[in-house]
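Just so it is clear, the structure is predicted and the values come from calculations on it, not from any experiment. Below, all heavy atoms of this structure are taken into account, side chains as well, without hydrogens, waters or symmetry copies.
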Amino acid sequence: IVEKDRFQTLGDLRKQWTESGVETSRATVYRRVQEMGYRCCIPQVKPLLNQKQRQKRLTWATEKQHWTVAQWSKREMPKCLKSSVKYPQSVMVWGAMSAAVNAASYQEILEHFMLPSAEKLYGDEDFIFQHDLAPAHSAKTTGKWFTDHGITVLNWPANSPDLNPIENLWDIVKRKLRDARPNTLDELKAAIEASWASITPQQCHRLIASMPRRTEAVISAEGFPTKY
């Protein structure tokens, strides 16, 4: 039973054994599974990838596998975080940048937030901008905006949060927010700002330095999701 379906729970196994005439406890089922060399764990939830998407991830990782950490450091990684409190209030947050908006609004955000941030971070140096394949990001007008502003956009495979280390930063922020337990909108905003400000440059550098390992992991997994 275990070999046929690794997603069976101890309760499922016990039920099937009981139906076949074997009366046993959950603890006994657990011990027998351990004796067989299996261990119980909660499976990681990963994006569903079809064959075409896996091939694109594999191609992307192969193209980027020799990028240095210095090259990855010149990449802006946008994402959107929506956090809620006890009451029906929420706030959209600009980290590196972005939000769930249409193409026109997205371009306004790029204009008013991303460009000043990029100028502050890089000055006159070139950099590569990264965003996912959300409709507002992949719209033709958005592509034209980047072309008009002379900004290079990193090609990006679909359903690949494991290749974007800013996801780890959002996880840090969300964990800190759980500890803060804000009760009002103002407290929520203050908690988000404090959480983001608490992220150290060392944490960012470690995440950026993980990019070569992430691309290698995708290649080793032949395009399937990785542990990241």
Q) What do you reckon, is CD of E222 surrounded by more than 12 foreign heavy atoms closer than 6.0 Å? A) no

Q | Sub-4.5 Å side-chain heavy-atom contact between V69 and I208 | A | yes

Q: Would you check if there is a donor-acceptor pair between the side chains of T28 and S25 at a distance under 3.5 Å?
A: yes

Q) Does T142 reach the main-chain N or O of S138 with its side chain, forming a donor-acceptor pair under 3.5 Å? A) no

Q | Minimum-distance pair of heavy atoms, taken over all atoms of L169 and C204 | A | CD1-SG, 4.3 Å

Q) Any side-chain heavy-atom pair from P116 and K120 closer than 4.5 angstrom? A) no

Q: Determine whether the side chains of N155 and K64 contain a donor N or O and an acceptor N or O closer than 3.5 Å.
A: yes

Q | Any donor-acceptor N/O pair, E187 side chain to N183 backbone, under 3.5 Å | A | yes

Q. Is S198 reaching over with its side chain to a backbone N or O of W196, donor-acceptor style, under 3.5 angstrom?
A. no

(Q) Using modelled atom types and a 3.5 Å cut-off, is there a donor and acceptor pairing between side-chain atoms of Q55 and backbone atoms of K52? (A) no

Q. For the side chain of D162 and the backbone of P225, is there at least one donor-acceptor N/O pair under 3.5 Å apart?
A. no

**Q.** Least distance between heavy atoms, M211 atom then L163 atom
**A.** CE-O, 3.3 Å

Q. Quick one: does Q65's side chain have a donor or acceptor within less than 3.5 Å of a partner on A61's backbone?
A. no

(Q) Salt bridge check, R32 against E35: does any charged N sit closer than 4.0 Å to a carboxylate O? (A) yes

Q) Do I128 and W72 come close enough that some side-chain heavy atom pair is under 4.5 Å? A) no

Q. To the nearest 0.5 Å, how far apart are CZ in R214 and OH in Y228?
A. 6.5 Å

Q | Modelled atom types, side-chain donor and acceptor of S210 and R213, under 3.5 Å | A | no

Q. Any chain of hydrophobic side-chain contacts (each under 4.5 Å) joining V218 to L49?
A. no

(Q) F146 vs H137, test: ring-ring contact (aromatic ring centres under 6.0 Å, His included). Steps then yes/no. (A) CA-CA 10 Å; F146 280 105; H137 302 175; 9.1 Å; no

Q | Note: D171-K176 ion pair, threshold 4.0 Å (strictly below) | A | no

(Q) Strictly distance-based, threshold 3.5 Å: is any side-chain N or O of N102 a donor or acceptor partner for the main-chain N or O of S105? (A) yes

Q) Would you call F129 and T152 a side-chain contact if the rule is heavy atoms closer than 4.5 Å? A) no

**Q.** Short side-chain to backbone donor-acceptor contact, R54 and G223, under 3.5 Å
**A.** no

Q) Taking atom CD of E119 and atom CE of M114, what is their separation to the nearest 0.5 Å? A) 11.5 Å

Q: Using the rule that two of Ile, Leu, Val, Met, Phe, Trp, Tyr join whenever any of their side-chain heavy atoms come within less than 4.5 Å, decide whether F224 and W60 are in one cluster.
A: no

